[in-house]
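In the text below, chain A, chain B and the rest are named by the order of the sequence lines, each starting its count at 1.
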Number of protein chains: 2
Amino acid sequence: MSASFPHGSGHDGLIRKLASIASVSRDERIGLQALPILMRSFPADQEIVRDGDDPDHCCLLIEGFMHCYKQLETGKRQIVSFHIPGDLPDLQTMQLNVMDHALGTLTPCVVAFIPHRALHLLVGEFPNLAVAFWRDSLINAAIFREWVVNVGCRPGPQRLAHLFCELFYRLETVGLAHKDGCEMPLTQAVLGDATGLSSVHVNRMMQDLRGRGLIATKAKFLQILDREKLQDFAGFDPTYLHMKEVLSP
Amino acid sequence: MSASFPHGSGHDGLIRKLASIASVSRDERIGLQALPILMRSFPADQEIVRDGDDPDHCCLLIEGFMHCYKQLETGKRQIVSFHIPGDLPDLQTMQLNVMDHALGTLTPCVVAFIPHRALHLLVGEFPNLAVAFWRDSLINAAIFREWVVNVGCRPGPQRLAHLFCELFYRLETVGLAHKDGCEMPLTQAVLGDATGLSSVHVNRMMQDLRGRGLIATKAKFLQILDREKLQDFAGFDPTYLHMKEVLSP
DNA sequence: CGTGGTATTGAGATAAATCAAAGTCCGTGG
DNA sequence: CCACGGACTTTGATTTATCTCAATACCACG
């Protein structure tokens, strides 16, 4: 199993995730290891959970990029979050019955499905794990807040730059970044749907960022030429990601 | 005490809030009643929690309107949420050490302060209350998502209309709306900071909404002339507020 | 009855959208 | 190995939504 999925089994991924946001005891680890997990692979651009669904399981992303989005009747689409390996993109379905958005793959993905029933039993036994999940939800909410700021009041180039800073930072945290950049398998149309810009404008703003010597792109790789300068330009302050905070027992 | 605060003591407000998102047992109610709560009044436009703070208590809004916002170095300001009586606008400080935004009053407010220490003891004793808090956080996150959509891809008039629908709906839920509208003590500049529009543009878009026969405004009251039409126009679907969902024990 | 904060109006500037056409890249199959 | 097709990126030209600045009008309150 872990042979076929280079980034570890679902259990390992989940334990690593929770350990990164709260301390996890030995018993809790054993409980997590016992969770029934179903691993599945998906092609790119596949809808995994539909808007309006009431799923009976959560997803843990093992490999690939996913996104949450809302499709408006006007034809417009807004991406509200990107997800990278280690994320629990629809954790809220444990507590909220109806999906108010859709969840889909952006690239080919490996996803681990964990039944709500098993998760509820587990957090019933280990309240500390409920706290870890709650904390994860709160960090996600903090990211949403920053996205409101991003689309609400940053000009095009800064808006893209800020998104790049966030993704780089998050990928780094799970060991998926390189020294000078990261994989960025997102088309300009996708970046547009995430930033509230048209794809044509995204293209021009990327040229702007390249012209400023902040980034370079080759194929699906985003090279960050000067991280400090990029962050300053974007007004990026990683505090909102709440990564380096003291872990309480 | 409850004599001086018409909308009930802090304890009542908190119990009502939690009961609206999860079932609360008799013992839990007793535990909540025993919380040490400090009530305070504030004038309008006062910052209650600062960006970067690490508070040791949560706020429960008893009376008035509050808002969460981020001030950018560029001088721009983005409001990321509005809060009405019954809300816990900084509940996340129970789990996240650093405020990544500020919290302030919009109107004169009555706020109940509840120490983290007491809350942590309580949720330690009653894990079900932790779930209720978690659920509240998730509903707030759902509202942030919808705000990303609002600012990201709705045109001016629809954007304002959507915000009005949301506020009316939420005020209704806590019994603070009238049949045909609600108090709306928000200046056009404030509405602009929330929707990512300039105050001048807000003014023109309000005229647009009035011209369409959707709303009317007198003094600080927002009259909703045709709720159906307004919701259709805004593309408003209250699902994301997760109000009517089955309450699990 | 001022006076300060809002709301409104007008005119001009600008960021970003739209539409349409090339251009580039990349995988696939012949 | 090359040619093809489809998806993505880039470019140009035009239109539109929204911003900015500045002036004026309207209240509500002391």
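- Q71(A) pairs by the side chain to side chain contact (heavy atoms under 4.5 Å, CB included) definition with R77(A), not counting sequence neighbours.
- In this structure, R154(A) places its CZ atom 18 Å from P of dA15(C), rounding to the nearest Å.
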Enumerate the protein-to-nucleotides 4-8 of chain C contacts in which both atoms are nitrogen or oxygen and the separation is below 3.5 Å.
unit_1 : atom_1 : unit_2  : atom_2 : d
dA7(C) : OP2    : Q188(B) : N      : 2.9
dT8(C) : OP2    : Q188(B) : NE2    : 2.7
dT8(C) : OP2    : N203(B) : ND2    : 2.6
dT8(C) : O5'    : N203(B) : ND2    : 3.1

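- Contact of the S81(B) side chain with the C68(B) side chain is registered, since non-hydrogen atoms from C-beta on lie closer than 4.5 Å.
- Remark: L72(A) pairs with T74(A), V149(B), C153(B), R154(B) by the side chain to side chain contact (heavy atoms under 4.5 Å, CB included) rule, at least two apart or across chains.
- Going from atom CG of L197(A) over to atom P of dT18(C) covers 11 Å, rounded to whole Å.
- A rotation axis mapping the C1' atoms of four pairs onto the next four is fitted at both ends of the helix from dA13(C)-dT18(D) to dG30(C)-dC1(D) over five pairs, and the angle between these axes is 20° to 10 degrees.
- In this structure, K218(B) reaches neither bases nor backbone, as no heavy-atom distance under 4.0 Å exists between it and the strands shown.
- Ring-plane geometry between H162(B) and F236(B) is classed as perpendicular, the angle between the planes exceeding 60 degrees on a 0 to 90 degree scale with a lower cut at 30.
- Here G196(B) lies in heavy-atom contact (under 4.0 Å) with sugar-phosphate atoms only.
- On the nucleic acid side, DNA chain D contacts chain B at distances under 4.0 Å to non-hydrogen atoms, with the end points of that region at dT18(D) to dC21(D).
- For the pair K229(B) and L214(B), the tightest heavy-atom approach, listed with the atom from each and the gap, is CB-CD2, 3.7 Å.
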Would you tabulate the pairs of protein nitrogen or oxygen atoms and nucleotide nitrogen or oxygen atoms of nucleotides 24-29 of chain C closer than 3.5 angstrom?
none

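- Residues meeting the ring-ring contact (aromatic ring centres under 6.0 Å, His included) test with F82(B), sequence neighbours left out: W147(B).
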For residues 199-207 of chain B, please give each side-chain donor-acceptor pair under 3.5 Å, one per line with the distance, not counting sequence neighbours.
unit_1  : atom_1 : unit_2  : atom_2 : d
N203(B) : OD1    : Q207(B) : NE2    : 2.6
N203(B) : ND2    : Q188(B) : OE1    : 3.0

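- Considering only the side chain of R204(B), dT9(C) comes nearest among dT9(C), dA16(C), dA17(C).
- With sequence neighbours excluded, the residues that form a side chain to side chain donor-acceptor pair (under 3.5 Å) with T217(B) are R210(B).
- Not counting sequence neighbours, the partners of H67(A) by the ring-ring contact (aromatic ring centres under 6.0 Å, His included) test are Y69(A).
- Residues passing the side chain to side chain donor-acceptor pair (under 3.5 Å) test with D51(B): none are found, sequence neighbours excluded.
- In this structure, R212(A) pairs ionically with D208(A), as a charged nitrogen and a carboxylate oxygen lie closer than 4.0 Å.
- Considering every non-hydrogen atom in both V151(B) and G152(A), the closest pair reads CG1-CA, 3.2 Å.
- Evaluation of the ring pair (Phe, Tyr, Trp, His ring centres under 6.0 Å) test over residues 212-231 of chain A, restricted to residues two or more places apart or in two chains, returns H178(A)-F221(A).
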